[in-house]
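Structure first, commentary second.
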Amino acid sequence: MTELTAQWWRDAVVYQVYPRSFCDSDGDGIGDLAGIESKLDHLQWLGVDAVWLSPVYRSPMADFGYDISDHCDVDPVFGDLAAFDRLVAAVHDRDMFLVMDYVANHTSDQHPWFRAALGSAESPDRRRYIWRDPAPDGGPPNNWIRAFSPEPAWTLDESSGQYYLHLFLPEQPDLNWSDPRVRRDMGEVLRFWMDRGVDGFRADVIHCIGKPEHLEDAPQDLAGLPACIFDQGPGTHECLRELRRVIDGDSPEEHLFLGETAVFDRRQQLSYLGDGDELHLAFNFLAVHTRWDAAAWRSELAATYEAYGELDAWPTWVLSNHDIPRQATRFGSVARARAAAVLLLTQRGTPFLYQGEELGLLDAEVPPHRQVDPGGRDGCRAPMPWSADERGGWVPDMWLPPPPSAATVSVEAQRGDDGSMLAHHRRLLELRRSLPVLRSGDFELLDAPEGVLRYRRHLPDPAAGPHTIEVAINFTASVARDAVSPGEQLAGTHHAGGPSGISDTLLPDEARVVVP
Ligand code: TEU
């Protein structure tokens with residue numbers, strides 16, 4: 001049974017499960033909670049410490065679960081509350097933590113709150129959402145654009161003659177967090193799931209929840225961009241402090257409050273940590289959008305560690321999720337993704353892995369007649385291949401087509417192969433778990449030849465293991481000399497480990513972790 005320990009996330013690697021695509025236990029072509037439970041032994045074998053579940057709440061699935069119609073129930077496609085309770089217990093039995101998605105910015109348009117709000121400007125439920133009269137020309141109240149397509153973030157409710165705000169789909173109306181009932185009820189949602197045993201929340205687009213009272217037009221330089229990236233001002237911070245108090249409850253620092261701060265301004269990202277009284281962790285999406293280039297990563301790492309260091313804050317590292325092309329696809333090769341795993345898992349901060357990343361999955365090519373996501377993100381959501389057949393063990397009418405080459409890029413094909421991407425991840429996770437210097441040591445960039453990123457992790461007084469570790473990554477397709485200190489190799493893309501790393505040369509796409 002998991003002992004709740006203060007700030008457990010500082011020592012953890014978190015694995016994101018996208019439940020629809022993880023494992024299907026009942027053969028309906030859609031993954032479910034019992035399927036996830038059946039694969040926990042595998043995740044434990046892999047060596048992750050926590051599982052973050054994308055939404056499993058009751059939902060009409062206009063945005064595949066990010067449109068919630070009941071915050072206190074599980075959608076039947078995934079199972080039921082009893083299956084959820086079994087999953088929590090099974091995760092804890094394996095000494096892992098369970099983090100749940102928390103979608104606070106909006107609900108489904110099928111949520112009873114929104115059904116009650118519709119139609120009557122008099123209903124007290126009306127104020128749970130954001131309504132405005134039309135502009136003088138009858139059009140939307142301001143120039144905000146919604147996510148996924150360049151259309152207004154407003155939809156007219158014909159019966160009342162007012163528009164409601166939705167930063168995402170029209171089926172995802174934005175909640176009004178200045179309404180005390182929204183704050184109270186959404187706090188209760190957190191308590192409901194903490195009472196069921198969850199260890200924390202990944203809060204969806206949480207930077208959006210406060211809204212300025214006067215929803216003015218976006219300035220010209222932001223006007224074409226989706227409004228979900230805007231800084232919504234002080235209202236959000238006040239809400240975050242309130243939510244943090246709920247999450248802390250009587251046992252502060254035991255439940256994680258992680259924000260999907262999908263913004264591209266570092267200061268804005270850090271602002272959601274408050275004075276240590278808002279989010280515990282904020283996703284760093286600047287790293288997600290850093291291209292595969294040594295100089296680009298050098299400056300991203302330097303800027304992140306400097307900014308977080310000044311605040312004594314704990315960074316996060318993530319390379320992929322269910323919204324963006326996978327890194328094997330994005331960076332152009334599995335060999336690069338293999339080096340990227342070394343980069344990700346040797347940082348100071350909490351790393352996140354997205355299901356399938358450990359196999360080096362590529363995005364599926366989804367033909368137009370199979371596309372289902374209104375945001376065009378089907379490719380990275382293709383079902384996880386477990387067995388070495390063309391559908392990765394899924395039934396023929398799986399909800400999305402499989403990723404390419406399931407026969408070789410599957411758990412079954414890779415588990416017994418010491419040279420596989422899966423084995424590579426397992427070794428890196430084991431190394432991180434066994435070496436305090438990799439988890440909490442300082443970070444320092446070292447000089448390196450062009451195209452190579454080289455850094456050192458150092459722990460003045462480690463509880464166990466070496467004090468200093470060096471990591472070197474060759475981002476290029478050429479051999480790089482004088483690129484890494486000779487020394488004992490602990491892990492790497494090309495050699496599993498052992499006393500092989502005596503040369504200072506890196507092969508193309510090679511990454512090495514050594515004791516210099
Ligand atoms: O994503 C928020 C978000 O802003 C993006 O990452 C989004 O997918 C991108 O702008 C698309 O172009 C979160 C969830 O991760 C995503 O799956 C949901 O669709 C979205 O919120 C709405 O809940």
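In what follows, every heavy atom counts, from backbone to side chain, and hydrogens, waters and symmetry copies are set aside. The residues of the chain are indexed from 1 along the displayed sequence. Just so you know, ligand 1 is whichever comes first in the structure, and atom 1 is the first atom listed for that ligand.
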(message) Taking the side chain as everything from C-beta on, heavy atoms only, tell me whether R330 gets closer than 4.5 Å to D363.
(response) no
(message) Strictly inside 4.0 angstrom of atom 15 (O) of ligand 1, do you find any protein heavy atom?
(response) yes
(request) Could you pull out, from I229, D63, I324, the option with a heavy atom nearest to atom 22 (C) of ligand 1? (result) D63
(message) Counting C-beta onward and ignoring hydrogens, is there a side-chain heavy-atom pair between R94 and V51 closer than 4.5 Å?
(response) no
(message) Quick test: of every protein heavy atom, which one is nearest to atom 13 (C) of ligand 1, and how far off is it to 0.1 Å?
(response) D204 OD1, 2.9 Å
(request) Could you check F114, Y164, W113 and say which one makes a ring-ring contact (aromatic ring centres under 6.0 Å, His included) with Y129? (result) F114
(message) For atom 5 (C) of ligand 1, what is the closest protein heavy atom, and at what distance to 0.1 Å?
(response) D323 OD2, 3.9 Å
(request) Assess R381 for proximity to ligand 1: is some non-hydrogen atom of it under 4.0 Å away? (result) yes
(message) Are D378 and R370 packed together at the side-chain level, in the sense that at least one heavy-atom pair is separated by less than 4.5 angstrom?
(response) no
(message) Quick check on atom 9 (C) of ligand 1 - does any protein heavy atom sit closer than 4.0 Å to it?
(response) no
(message) For a 4.5 angstrom cut-off between non-hydrogen side-chain atoms, does I36 reach P19?
(response) yes
(message) Contact between ligand 1 and R202 is defined here as a heavy atom of the residue under 4.0 Å from a ligand atom; is it met?
(response) yes
